[in-house]
Engineer: 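Quick one: structure below, then a few questions.
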Amino acid sequence: MMYRRIITLQKEPLEHTQTQSQTLRARVDRAVTWAGRIVPAAALVAIGSFFAAQQVTSPNHRSIKLVVMLGIAAFMFRFDMVYAIYAFVVLFPFPTGISIASSNLVLMTVIPMVWAVRAASTKTRLFRATPLGAPHALFIIAYFVSLMNVESNLALVRSLQIIWRQIACVTFFAMIVTFVDDEKRLKQILQLMCVSVGLVMATAIVELIAPGSTIIPGWVGMGKPLSHGGELTARVEKMRIGGALGSDANLADFGTQLLGFMVYFALRAKNPAMKTFWFLVSVLTLVAVLSTGNRGGLVGIMILFGYALYLFRRRMSFPQKVMIVTAALALAFAADYALSTYTYATSPIQRLMNTEMHGVVPETRTMTWLPSLKKCLEHPFVGSGPWFEIGKGLSFQFWPHNAYLFYLQTLGLFGFGAFMWIMWRVTKMSLAFWHRTRMRDDVSDILALAHIWLVVFAVEQLGIDHQREDIYPFLVWFFFAIIVAAAGIIQRRETGIEAIRLPKRFGSVV
């Protein structure tokens, strides 16, 4: 017994020493771990603060673009791919030139390539199949077929760039349909698009206050420079505000087609701060659209407002309808008067009232529609090629100012038919909300608003062509994707088949 007692007394100091050593080692490990977290974060904050201070005192647009691209790269490689799509939605109205193409084309080429690698590593299907697969394929084929009538090397290069852009738009559509597979993501991506377009509308307000100004040197500025007469001439002759887009027609279309969603988010917001934010964005957008002086935008607002009142009429009493109509008309006329009286902007209401019609054609379209129709007859089946060449001298031709004539002239009946096939199928899917207008369901409401967008878009394209820029086409295919995604969510709810979630950071497909 005495022997065992001696051995026990000898072990206790040894065990105590080992415990102290383990505790010390654990503390050191924790300290190293926290240092590993804090030091890089502190270094990143210090570098970021230095960079921010440098950009404030001496901004460099290349540095700002580099930071943005690094942020998108982090989204692509580290987080759920849907966040890369979100980032693109915010940035696409503000493209920048890269040596090979527009930043929009480059980004919407790189993002799907990264997703293809990630999908292959997990043996995941790349894109979700949709009813638009066949018409999309036919539409892209029509672009390639139309190349047979391209005559110059310059036209061939430009045509190939346009084909690249259209493939990027269709890919953008496919990625949205693949990743936006539930109500939360549907609302998120629409809200981000509204914020993005709201930023564009803000540039229009800046142009109203300070025409020709620059917001981010070398990147975001006013697309329309002041005339030689300066601000005095602009005030006398009046301006048609285009903001960062540089086009009053495009700015009016962007604002008109998103205004319904902005008002919807304002009405549905429960947080007072968010409600105020969305109402301010809605008013800002309405003022920006009126500042364009664009008659098509004004007609679009009238269609949007009237059709929305009709579709949601069962949710409102008669006094509410009267109040809404009265308030909307008062706001529109007050904004129009203030803009035309106290700013450089022209009045769209006056322009609409003074429109002269030559038969069924407005006077400003007689010089664009008829020449385009004549050109369509030269290559009626496959078109003259994707690139619309306005020419010079005797060969000069105005833009068609009509998206349907644009497709007929460039892609012929083949491409025009493929586009109308897409429109037909999207229209059928957009009507999935029809028997749900009594219910307060966000997905059905969003689909109803997307259906209104489709009607407004179809009418506005009679007076403008969306195909000539690297911005507008992405908005068109964005909404095609929203309609398909919302209709898919409703269908899965009714059939009881939910989307199959992929591993974290990889999105979802069915």
Side-chain angles (χ1 to χ4, degrees), residues 65 68-69 72-73 75-76 81-119 126-130 132-147 156-180 189 192-193 196-197 200 245 250 253-254 385-388 403 406-407 410-411 415 418-419 422-423 426 457 465-485 507:
K65 294 173 186 177
V68 172
M69 294 303 171
I72 295 177
F75 285 138
M76 287 190 290
M81 284 297 297
V82 74
Y83 294 109
I85 305 299
Y86 289 171
F88 181 82
V89 165
V90 173
L91 292 174
F92 88 97
F94 308 99
T96 182
I98 301 177
S99 59
I100 56 174
S102 162
S103 59
N104 284 346
L105 300 188
V106 174
L107 279 175
M108 200 35 65
T109 301
V110 173
I111 292 174
M113 291 172 63
V114 173
W115 165 238
V117 173
R118 297 177 66 171
L126 189 59
F127 296 123
R128 186 198 302 274
T130 72
L132 296 186
H136 270 156
L138 195 66
F139 189 57
I140 297 300
I141 290 172
Y143 272 93
F144 284 102
V145 171
S146 69
L147 292 175
L156 178 61
V157 173
R158 297 290 177 83
S159 296
L160 291 174
Q161 289 176 340
I162 291 170
I163 293 174
W164 181 10
R165 181 186 68 198
Q166 198 55 58
I167 293 174
C169 289
V170 174
T171 306
F172 181 44
F173 163 90
M175 296 203 72
I176 292 175
V177 174
T178 299
F179 294 111
V180 179
I189 198 168
L192 286 172
M193 178 60 78
S196 179
V197 172
V200 175
L245 297 182
N250 285 357
D253 282 12
F254 268 57
W387 183 47
F388 186 93
F406 196 107
Y407 280 127
T410 57
L411 304 183
F419 180 74
I422 293 171
M423 289 285 288
V426 170
F457 168 75
D465 29 54
H466 64 266
Q467 301 96 322
R468 50 169 137 154
E469 304 290 346
D470 283 342
I471 303 175
Y472 204 156
F474 286 100
L475 181 70
V476 174
W477 260 259
F478 169 85
F479 274 112
F480 286 169
I482 290 300
I483 291 172
V484 174

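All residue numbers refer to positions in the sequence shown, counting from 1. Atom set for the values below is all heavy atoms of this structure, side chains included, hydrogens, waters and symmetry mates excluded.
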Engineer: Counting the benzene-type ring for Trp, do Y407 and F419 have ring centres under 6.0 Å apart?
Structural biologist: yes

Engineer: With heavy-atom distances below 4.5 Å as the criterion, would you say the side chains of T410 and Y143 are in contact?
Structural biologist: no

Engineer: Looking only at heavy atoms, what is the nearest atom pair of P95 and N104, with distance?
Structural biologist: CB-ND2, 3.6 Å

Engineer: So, taking the atom named CD1 in I483 and the one named CD1 in I176, what distance separates them when rounded to the nearest 0.5 Å?
Structural biologist: 11.5 Å

Engineer: Which heavy atom in E469 sits nearest to a heavy atom in N250, and how many Å separate them?
Structural biologist: CG-ND2, 3.6 Å

Engineer: Do V82 and I189 have side chains that get closer than 4.5 Å, going by heavy atoms?
Structural biologist: no

Engineer: May I ask you to test the F388-D465 pair for a side-chain heavy-atom distance under 4.5 Å?
Structural biologist: no

Engineer: Parallel, tilted or perpendicular: which describes the rings of F88 and F474, with under 30° parallel and over 60° perpendicular?
Structural biologist: perpendicular

Engineer: What's the shortest heavy-atom distance between V89 and S196, and which atoms?
Structural biologist: O-OG, 3.1 Å

Engineer: In terms of relative ring orientation, are F457 and H466 parallel, tilted or perpendicular, with 30° and 60° separating the classes?
Structural biologist: tilted

Engineer: How long is the straight-line distance from CG of L105 back to CD1 of I162, given to the nearest 0.5 Å?
Structural biologist: 10.5 Å

Engineer: Check the angle between the aromatic planes of W115 and F179 and answer parallel, tilted or perpendicular using the 30° and 60° thresholds.
Structural biologist: perpendicular

Engineer: What closest approach, in Å, do M108 and A168 show between heavy atoms, and which atom pair accounts for it?
Structural biologist: CG-O, 3.3 Å

Engineer: Can you measure from CG (L138) to CG (L132) and round to the nearest 0.5 angstrom?
Structural biologist: 12.5 Å

Engineer: Say whether, by atom type as modelled, one donor and one acceptor occur between the side chain of T178 and the main chain of F127 under 3.5 angstrom.
Structural biologist: no

Engineer: Would you compute the distance between atom CG of D470 and atom OG1 of T96 and round it to the nearest 0.5 angstrom?
Structural biologist: 11.5 Å

Engineer: Answer yes or no: is there a side-chain heavy-atom contact under 4.5 Å between T109 and W164?
Structural biologist: yes

Engineer: Do the two ring centres, one from F139 and one from W477, sit under 6.0 Å apart?
Structural biologist: yes

Engineer: Please confirm whether the backbone N or O of I140 pairs with a side-chain atom of Q166, one donor and one acceptor, at under 3.5 Å?
Structural biologist: no

Engineer: Counting C-beta onward and ignoring hydrogens, is there a side-chain heavy-atom pair between F92 and M193 closer than 4.5 Å?
Structural biologist: yes

Engineer: Kindly indicate whether the side chain of V200, heavy atoms from C-beta on, has any atom under 4.5 Å from the side chain of F94.
Structural biologist: yes

Engineer: Once rounded to the nearest 0.5 Å, what's the spacing between atom CD1 of I85 and atom CZ of F172?
Structural biologist: 6.5 Å

Engineer: Which atom pair, heavy atoms only, marks the closest approach of L147 to L156?
Structural biologist: CD2-CD1, 4.3 Å

Engineer: Of the non-hydrogen atoms in R165 and R468, which two are nearest, and what is the gap between them?
Structural biologist: NH1-C, 4.0 Å

Engineer: How long is the straight-line distance from CD of Q161 back to CD1 of I163, given to the nearest 0.5 Å?
Structural biologist: 10.5 Å

